[in-house]
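This report concerns only the one structure given below.
The chains referred to below are lettered A, B, ... by the order of the sequence lines, with proteins before strands, and numbering in each begins at 1.
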Amino acid sequence: MEVAVKPGDLLRQADPERLHRIRHTASHVMAMAVQTLFKDAKVTIGPATEMGFYYDFDRGEPFTPQDLKKIEKEMRRIIKANLPVVRQEFDRATIRAEIEKLKEPYKLEILAAIPEGEVITRYTLGDPNGDKPFWWDLCAGPHLATTGEIHPEAFALESVAGAYWRGDEKNAMLQRIYGTAWETPEQLQAYQQQIEEAKRRDHRKLGKELQLFSIQEDAGGGLVFWHPRGGTMRRLIEDYWKDMHVAAGYELVNTPHVANLDLWKISGHNDFYRESMFDTMEVEEQQYQLKPMNCPFHVLMFKDGLHSYRELPMRWAELGTVYRYERSGTLHGLMRVRGFTQDDAHIFCTEDQIASEIFGVLNLAETVLTTFGFADYEVNLSTRPEKYVGADAIWDKATQALRQALDQKGWVYKVDEGGGAFYGPKIDIKIEDAIGRRWQCSTIQLDFNLPERFDLHYVSEDGARVRPIMIHRALFGSIERFFGILIENYAGDFPLWLAPAQVRLIPVTDAQRDFAEGVAKQMKTAGLRAEVDRSGDRMQKQIRKAELEKIPVMAVVGAKEVESESLSLRTRKTGDLGVVLVTVAIEKMQAAVRNRDWL
RNA sequence: GCCGAUGUAGCACAGUGGUAGUGCAGCCGAUUCGUAAUCGGCAGGUCACGAGUUCAAAUCUCGUCAUCGGCUCCA
């Protein structure tokens with residue numbers, strides 16, 4: 001189901017610079033409106049965002065949806081009054097006195113945070129000397145020239161939410177009001193359409209409707225149940241993943257879900273990752289830990305035996321299920337859960353092998369992601385942070401190797417200087433879905449820490465014991481999350497090879513039931529997932545049900561079809577395909593599955 | 001975890017102090033039908049859970065759990 005007008009196209013026409021001014025000014029207009037209506041509200045900050053703006057207020061009571069309507073109305077009044085927006089420069093002492101007059105404690109904090117020597121500016125709405133309304137905020141700008149430049153029908157207040165002052169949960173909880181603003185009402189509409197589209201694709205909604213998975217209160221939050229249809233899809237995804245990895249020179253391994261806490265002490269996780277771990281459990285007076293990561297297990301396996309340089313690189317892959325404590329408020333469908341399966345792999349190699357191994361991972365990532373319809377990536381390389389372990393020389397060499405691999409791949413990438421983990425540099429890949437949202441899935445991370453902590457080594461050509469390089473990588477990130485992204489990307493309309501039920505056989509009357517069952521059996525033998533509608537409903541109803549279940553192919557069987565050993569095919573993608581022989585229908589579907597295409 | 005909202009049948013929702021309702025789905029019966037809903041009947045809920053207020057609680061209060069929108073964090 002394609003959207004008639006692609007909202008994204010309309011939104012891309014917008015001028016980013018002007019949008020920024022509109023939103024920033026809208027946030028000031030909102031703050032003015034709030035302080036007009038609610039005298040006790042203290043202002044804090046109110047920036048423009050990617051899709052709109054927000055402003056945080058300190059106020060005893062939270063705002064209600066009714067308040068938002070009032071605020072919107074007041075904003076329209078301010079816009080219609082067409083107040084001038086004036087930038088004024090101030091010296092620190094004068095502006096401090098002005099802020100003190102207004103009794104705005106947060107603004108004083110903001111002022112104190114402005115470095116010496118920087119120009120201090122305020123923006124006023126309205127004329128300070130006239131009798132028109134007047135309001136101002138300490139702000140770097142930029143803004144529109146007048147409030148009237150905001151189109152009164154191209155903005156909307158969206159929601160209220162709590163937010164911490166300066167994003168720190170130790171600070172006071174402020175009341176944030178989110179809004180959106182655009183150049184034209186058409187753009188606003190397109191934006192709202194896009195939100196509707198995202199809602200339509202919501203994996204939580206589709207997951208329930210299509211009976212793919214559930215998360216059950218009785219079991220606890222963040223724990224996923226894969227129902228038969230979702231389970232079928234997971235099997236397909238995992239089988240594909242395994243085949244690709246074996247083909248790419250990986251070996252598949254399996255490791256336990258719990259281990260002695262001592263292991264996590266050696267790995268360091270018990271210190272720096274404790275707050276994300278489930279509590280320990282006691283077994284025969286020993287402490288055991290549910291695993292939050294797979295890496296220490298693979299390290300232990302590497303340690304179990306002496307390795308020659310001739311064995312390297314060793315590539316060990318595992319669909320490893322890990323458990324992490326996530327705070328209840330952060331759980332979100334499949335995207336953020338407490339138990340999930342990483343498509344993990346660890347590569348142990350020599351320093352000289354880094355570049356070629358990374359290149360191999362990039363190629364594999366591209367192959368795998370493209371298969372699921374993701375061909376556009378945003379790639380980031382993160383380099384050495386302030387605090388780190390490992391020698392400078394190896395950091396430099398490794399970072400250089402990552403660059404070399406990316407250049408060889410020919411991918412455009414951004415460098416996040418100092419954004420790497422303390423134990424090594426990394427490459428992150430974000431994929432873009434069908435409606436332009438970006439998701440971080442793949443990550444490739446060098447680790448100079450674990451080999452050191454576990455004292456890993458291999459025997460080199462000259463008989464010396466050498467520390468191997470450890471590369472940690474995941475392509476999907478987590479199967480659960482990737483599945484959620486897949487559902488939203490395809491809006492539940494999966495390509496034939498992934499669809500949990502590929503073809504629904506629809507007998508026109510009960511007289512065709514046996515024939516349909518026979519065809520279904522034939523299809524199953526041919527490796528297709530076929531089902532017969534045994535409800536006895538009218539054909540129209542059967543078609544409707546299959547459409548709502550988003551089954552890609554419907555095969556209607558009436559008296560004529562039985563007579564000619566054929567099927568009347570109808571697909572979700574292209575509609576009526578006409579009558580074809582059963583054998584031909586099977587071949588067509590098999591071909592579509594092979595090509596990972598729709599029918 | 002924090003701020004706010006929500007939790008009624010498998011699903012979508014109505015019900016604001018007086019014994020719990022509608023549609024779809026399910027089951028039974030009739031219908032045997034040609035590309036998105038045939039008709040009739042039946043059954044299904046200690047109103048998330050626990051406490052309290054009240055003669056009386058889905059409805060009011062408190063607590064717990066879960067979900068939703070954010071904050072923070074992240075696969």
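Ranking B/rA36, B/rG34, B/rG70 by closeness to the A/Met173 side chain, first place goes to B/rG70. The side chain of A/Thr509 sits closest to B/rU32 out of B/rA75, B/rU32, B/rG34.
The residues A/Glu197 and A/Arg437 are annotated as not salt-bridged, no charged nitrogen and carboxylate oxygen being separated by less than 4.0 angstrom.
Counting non-hydrogen atoms under 4.0 angstrom, A/Gly329 reaches a base of the nucleic acid. Counting non-hydrogen atoms under 4.0 angstrom, A/Glu549 reaches nothing in the nucleic acid. Among the atoms of the strands shown, base atoms are found under 4.0 Å from some heavy atom of A/Gly162. As judged by a 4.0 angstrom heavy-atom cut-off over every strand, A/Ile479 is placed among residues making no nucleic acid contact. Base contact: A/Glu547 has a heavy atom under 4.0 Å from a base atom. Base engagement by A/Val337 is indicated by at least one non-hydrogen atom pair under 4.0 Å involving a base atom. Looking at heavy-atom distances under 4.0 Å, A/Tyr178 makes contact with sugar-phosphate atoms alone, never a base. As judged by a 4.0 angstrom heavy-atom cut-off over every strand, A/Gly221 is placed among residues touching the sugar-phosphate backbone only. Residue contacts shown for A/Ala546 are absent, as no nucleic acid heavy atom lies under 4.0 Å away. Nucleic acid contact class of A/Gln216 (heavy atoms, under 4.0 Å, all strands): none. Contact annotation for A/Gly575: no contact, since no heavy-atom pair falls under 4.0 Å across all strands.
A distance cut-off of 5.5 Å between ring centres, combined with a plane angle under 30°, leaves A/Phe476 outside any stacking arrangement with the base of B/rA75.
Listed pair A/His332 / B/rG69 meets the phosphate criterion, a side-chain N or O lying under 4.0 Å from OP1 or OP2. In this structure, A/Ser328 reaches the B/rG1 phosphate: one of its side-chain N or O atoms is under 4.0 Å from OP1 or OP2. Applying the 4.0 Å criterion to OP1 and OP2 of B/rA37, one finds that A/Arg538 has every side-chain N and O outside that range. Under 4.0 angstrom from either OP1 or OP2 of B/rC74 there lies no side-chain N or O belonging to A/Arg327. Residue A/Arg176 places no side-chain N or O under 4.0 Å from the OP1 or OP2 atom of B/rU72. OP1 or OP2 of B/rA25 sits under 4.0 Å from a side-chain N or O of A/Lys541. Using a 4.0 Å cut-off, no side-chain N or O of A/Tyr164 falls inside it from OP1 or OP2 of B/rC73.
The partner of B/rC13 is B/rG21, judged by Watson-Crick or G-U wobble contacts that both fall below 3.5 Å. The base-pairing partner of B/rC2, taking Watson-Crick or G-U wobble contacts with both distances under 3.5 Å, is B/rG70. Nucleotide B/rU59 has no partner under the Watson-Crick or G-U criteria, as no pair reaches both atom distances under 3.5 Å. If you check B/rC42 for Watson-Crick or wobble pairing at under 3.5 angstrom, you find it paired to B/rG26. Taking a pair to require two hydrogen-bonding distances under 3.5 Å in either a Watson-Crick or a G-U wobble arrangement, B/rU64 pairs with B/rA48. If you check B/rA36 for Watson-Crick or wobble pairing at under 3.5 angstrom, you find it has no partner at all.
Here B/rG69 presents its P atom at 7 Å from CG of A/Asp202, a figure rounded to the nearest Å. If you measure from atom CD1 of A/Ile45 to atom P of B/rC71, you get 12 Å, rounded to the nearest angstrom. We find that CZ of A/Arg324 is positioned 6 Å from P of B/rA75, with the value rounded to whole Å. One atom, CH2 of A/Trp241, and another, P of B/rA75, lie 17 Å apart when rounded to the nearest Å. Computed from coordinates, the A/Arg200 CZ to B/rA12 C1' distance equals 18 Å when rounded to whole Å. Atom-to-atom, CD1 of A/Ile195 to P of B/rG69 comes out at 12 Å; the value is rounded to the nearest Å. The distance between atom CG of A/Leu548 and atom P of B/rA25, rounded to the nearest whole Å, is 10 Å. One interatomic measurement links the two molecules: CZ of A/Phe272 to P of B/rC73, which rounds to 18 Å at whole-angstrom precision.
Look at the C1' atom in both B/rG7 and B/rC55: the space between them is 29 Å, to the nearest Å. Here, B/rG23 and B/rA43 have their P atoms 14 Å apart, quoted to the whole Å. For the P atoms, the distance from B/rG15 to B/rA75 is 44 Å, rounded to whole Å. Between B/rG21 and B/rU8, the two C1' atoms lie 10 Å apart (nearest whole Å). Comparing B/rG40 with B/rA36, their C1' atoms are spaced 23 Å from each other, to the whole Å. Only the C1' atoms considered, B/rC47 is 4 Å distant from B/rA58, to the nearest whole Å. For the P atoms, the distance linking B/rA30 with B/rC49 amounts to 40 Å, nearest Å. Taking atom P on both B/rA14 and B/rG50, the two are 25 Å apart, rounded to the nearest angstrom.
Residue side chain A/Arg338 does not reach the base of B/rA75 through any donor-acceptor N/O pair under 3.5 Å, judged by distance alone. For A/Glu275 against B/rG1, no side-chain N or O and base N or O form a donor-acceptor pair under 3.5 Å. Evaluation of atom-type donor-acceptor distances gives a pair under 3.5 Å for the side chain of A/Arg544 against the base of B/rA37. A donor and an acceptor atom sit less than 3.5 Å apart, one in the side chain of A/Glu326 and one in the base of B/rA75.
Here the straight-line distance linking atom CD of A/Glu561 with atom CG of A/Leu581 works out to 11.0 Å at 0.5 Å rounding. Atom CZ in A/Phe372 sits 5.5 Å away from atom CG in A/Leu498 (nearest 0.5 Å). Taking CD of A/Gln342 as the start and OG1 of A/Thr443 as the end, the distance is 10.0 Å to the nearest 0.5 Å. Note: A/Ser382 OG to A/Glu417 CD = 9.5 Å, rounded to the nearest 0.5 Å.
When ring centroids are compared, A/Phe278 and A/Tyr325 stay outside the 6.0 Å threshold. Between A/Phe63 and A/Phe57, the distance from one ring center to the other falls under 6.0 angstrom. Between A/His269 and A/Trp264, a ring centre-to-centre spacing shorter than 6.0 Å is recorded. Aromatic ring centres of A/Phe483 and A/Trp226: separated by under 6.0 Å.
Taking the six-membered ring where the residue is Trp, A/Trp182 and A/Tyr191 present tilted rings, their angle falling between 30° and 60°.
Ranked by how close their nearest RNA chain B nucleotide is to the 5' end, A/Val508 and A/Val160 are led by A/Val508. Position along RNA chain B of the nearest nucleotide to A/Lys208 versus A/Asp537 favours A/Lys208 as the more 5'-ward residue.
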